[in-house]
Amino acid sequence: MRAEFQRPRGTQDILPPTSQKMEQIRRIAVDTAQRFGYLLVETPVFEQTPVFMRVGESTDIVQHERYSFTDTGGVDLTLRPEGTAAIARAYVENGMFNQPQPVRLCYYGPMFRRERPQALRYRQHTQFGAELYGSVQPEADAEVILLACAVVEKVGLPDPVIRVNSIGCSKCRPRYREALIGYYQEQRSQLCPDCQTRINTNPLRLLDCKIDIAIREQAPDIKEFWCEDCSAHYSQLTELLVLSGRQVSRDPFLVRGLDYYNRTVFEIGHPSMGSQAALFGGGRYDGLATALDGPESTPAVGFGMGIERLLSVVEKNFEILPLTRVYVAHLPGFEGPSLVLAEQLRREGFPAESDLLRRSLKAQLRDAGRRSGVVVIVGGQEWEQGEVGVKWLENGVQMTVKREELSDLLRRQSE
RNA sequence: GUGGAUGUAGCUCAGUUGGUUAGAGCACCAGGUUGUGGCCCUGGGGGUCGGGGGUUCAAGUCCCCUCAUUCACCCCA
């Protein structure tokens, strides 16, 4: 279009009725979290850059996709690309490790990544997420996943299937890493260029390459390398989920991009989203808070959920019902009384509006017709006698009532 | 960051091998019904053809650049 001022690339204007649906999802998410005991935390949308650097130096998200700027005071700041690091910072800064553990938190808000926009991938998107601090037990992982599933389900996506994996811990992962590197070195000549460099930079990511899928089928499975603790953790977690009535499938290739994870990683997708696989994803990151100068051992699990993606798969479940609003129309010269009557009705609890354009009655009715509801007509002889006209647009029924009886009538009819 | 597709009214789109004042449907506004909507009829407002440059007697149409959108890769929610 020829608009001179356009929104920045990869951003969107969320207009009604989409904005109303987003608001409903937000309410469902935060409500559900609260029922699980997770209370809302609001952190700034920007942080000092080192907060994110500390957390994922080798990640694309913080390496190439940062929205950073220096403010006029010379401070290096970054728009948050995800919620976990910011919540960890807040947990440490506010001394929440001194509260009774575990601490259950959730967040909701915009995230920023400077990537190339694509379907359901934006430079600003909205995430809901939850974080559980203070427990190393598999019950903690399970609860967080159950919360994510509950939200997804309440929003209208029945029977979510969770893909889970464990990427081990500092005891067992190094051995697996070596085995993996060894295997891929042998195949090196047949690998795609990306994977050839990945061997050195981030070997675990070799597993979710979409080109060399034949090669990875033969690759060593981390499952064979899990230490006793990791193995027990994984099997207890999946058992808990199954006992809770959730469907779980292990995905040996699931490793996830943020490199602060240990043990549990999980994800859930939806067929309708095409290449945008994940609806929500998360995992355990026991070392994260410590990296941000928190106490020595501060275990944590959490997930992030993409609201725009979620909405895209459940949008049809969110038909916005037209409000039964009252439209106060007026005859020529009765603009004032109609505005006042609308205000009185609002104070009595009716969603009401009046014409502000001094339009003809015909135009007012046409306008009201689009909003489907009740029209109250002010003016003329009826008004002189303390009466108003009332007309229901769906069936055309019309009557005249005393002004004092109007709200009773409207109340009765809306039941 | 890499590769492909697309950009004509608020929306969905026509526009023939370049050829006069660029069209339709929907939406919007007004009138037909001087106190009554949804149907119908009539009329109206709206476009620097994404932007810039070039070729040509002539460009919405051809060429180059740019911006934006979109799809895939990368990566992720």
Side-chain angles (χ1 to χ4, degrees), chain A residues 1-12 15 56 58-65 80-84 108-129 148 152 192-195 197-198 202 205 208-211 254-259 267-270 273-282 303-313 327 329-334 355 357 359-383 388-398 400:
Chain A
M1 285 312 78
R2 75 158 248 270
E4 187 176 353
F5 298 105
Q6 311 183 321
R7 61 184 190 274
R9 184 164 204 199
T11 63
Q12 38 175 358
L15 310 174
S58 71
T59 314
D60 262 33
I61 289 180
V62 309
Q63 249 186 350
H64 309 295
E65 301 177 357
R80 64 179 178 201
E82 47 103 19
T84 298
Y108 186 101
M111 304 295 163
F112 307 85
R113 295 175 194 177
R114 199 186 175 293
E115 28 186 8
R116 187 104 169 233
Q118 199 181 312
L120 295 177
R121 210 173 81 184
Y122 308 100
R123 289 184 172 185
Q124 175 178 341
H125 74 279
T126 311
Q127 259 187 60
F128 165 73
V152 158
C192 71
D194 278 338
C195 282
T197 61
R198 274 198 273 244
N202 201 345
R205 310 241 74 215
D208 55 23
C209 176
K210 280 153 198 128
I211 301 167
L254 179 63
V255 290
R256 298 193 54 79
L258 276 52
D259 50 11
E267 214 171 84
I268 191 166
H270 192 269
M273 290 198 305
S275 66
Q276 302 311 324
L279 216 48
F280 69 71
F303 69 86
M305 182 178 291
I307 299 302
E308 287 83 358
R309 289 183 185 180
L310 184 58
L311 180 58
S312 84
V313 305
Y327 191 103
H330 63 268
L331 295 172
F334 289 84
D355 172 74
L357 295 174
R359 282 182 282 206
S360 67
L361 182 60
K362 175 178 175 164
Q364 293 178 68
L365 282 163
R366 198 188 320 123
D367 189 29
R370 284 188 276 257
R371 297 151 204 266
S372 85
V374 186
V375 185
V376 174
I377 301 169
V378 168
Q381 204 185 353
E382 297 91 323
W383 184 258
V388 292
V390 183
K391 178 169 185 170
W392 284 268
L393 292 167
E394 305 93 285
N395 50 20
V397 172
Q398 183 163 355
T400 305

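Partners of A/Thr126 by side-chain hydrogen bond (donor to acceptor under 3.5 Å, both in side chains), not counting sequence neighbours, listed by chain and number: A/Glu308. Among residues two or more places apart in sequence or in another chain, the side-chain contact (heavy atoms from CB on, under 4.5 Å) test is passed with A/Glu267 by A/Arg163, A/Leu254, A/Arg256, A/Ala278. For A/Glu115, the salt bridge (charged side-chain N to carboxylate O under 4.0 Å, His left out) test picks out A/Arg121, with sequence neighbours left out. By the side-chain hydrogen bond (donor to acceptor under 3.5 Å, both in side chains) test, A/Arg359 is found to be paired with A/Asp355, A/Asp367, residues two or more places apart in sequence or in another chain being considered. Not counting sequence neighbours, the partners of A/Phe280 by the ring-ring contact (aromatic ring centres under 6.0 Å, His included) test are A/Phe303.
When atom types are taken as modelled, the side chain of A/Arg80 and the backbone of A/Pro110 share a donor-acceptor pair closer than 3.5 angstrom. Side chain of A/Arg309 to backbone of A/Leu120: a donor-acceptor contact under 3.5 angstrom is found.
Rounded to whole Å, the C1' atom of B/rG60 lies 14 Å from the corresponding atom of B/rG51. Annotation: B/rA22 and B/rU61 have their C1' atoms spaced 12 Å apart (nearest Å). B/rA24 and B/rA9 have their C1' atoms separated by 11 Å, with the value rounded to a whole Å. The separation of B/rG52 from B/rC57, taken at their C1' atoms, amounts to 23 Å, rounded to a whole angstrom.
Comparing atom distances between the A/Gln381 side chain and each of B/rA72, B/rA77, B/rG35 picks out B/rG35 as nearest. For A/Lys391, counting side-chain heavy atoms from C-beta on, the closest listed nucleotide (B/rA77, B/rC76, B/rG37) is B/rG37.
A/Phe128 comes within 4.0 angstrom of nothing in the nucleic acid, heavy atoms only. Residue-level contact check: A/Gly333 touches neither bases nor backbone, having no heavy atom under 4.0 Å from any strand. Note on A/Gly389: nothing from the nucleic acid sits closer than 4.0 angstrom, heavy atoms only. Among the protein residues, A/Ile377 comes within range of the nucleic acid bases, having at least one heavy atom under 4.0 Å from a base atom.
Both A/Arg123 and A/Arg114 lie near RNA chain B, and the one whose nearest nucleotide falls closer to the 5' end is A/Arg114. Comparing A/Pro8 and A/Glu65 along RNA chain B, the residue whose closest nucleotide (by nearest heavy atom) sits nearer the 5' end is A/Pro8.
In this structure, B/rA5 and B/rU69 make a Watson-Crick or G-U wobble pair, each of the two defining distances being under 3.5 angstrom. Across every strand in view, B/rC57 sits in a pair with B/rG19 that passes the Watson-Crick or G-U test at under 3.5 angstrom. Across the strands present, B/rU12 finds its partner in B/rA24; the criterion is a Watson-Crick or G-U wobble pair with both atom distances under 3.5 angstrom. In this structure, B/rG43 forms a base pair with B/rC29, meeting either the Watson-Crick or the G-U wobble geometry with both donor-acceptor distances under 3.5 Å.
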Kindly give the atom pairs (protein nitrogen or oxygen, nucleotide nitrogen or oxygen) under 3.5 Å for nucleotides 28-32 of chain B.
from	atom 1	to	atom 2	distance (Å)
B/rC28	OP1	A/Arg370	NH1	2.4
B/rC29	OP1	A/Arg370	NH2	3.3
B/rA30	OP2	A/Arg366	NH1	3.0
B/rG32	N7	A/Lys362	NZ	3.3

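The base of B/rG35 is paired with the side chain of A/Glu382 by a donor and an acceptor separated by under 3.5 Å. The base of B/rU36 lies outside donor-acceptor range of the side chain of A/Gln364, with no N or O pair under 3.5 Å. The base of B/rA77 sits within donor-acceptor range of the side chain of A/Glu115, with an N or O pair under 3.5 Å.
The aromatic rings of A/Trp383 and A/Phe334 sit perpendicular, their planes meeting at an angle over 60°, well past the 30° parallel limit.
Under 4.0 angstrom from either OP1 or OP2 of B/rA68 there lies no side-chain N or O belonging to A/Arg116.
Rounding to whole angstrom units, CD1 of residue A/Ile268 and C1' of B/rC76 are separated by 16 Å.
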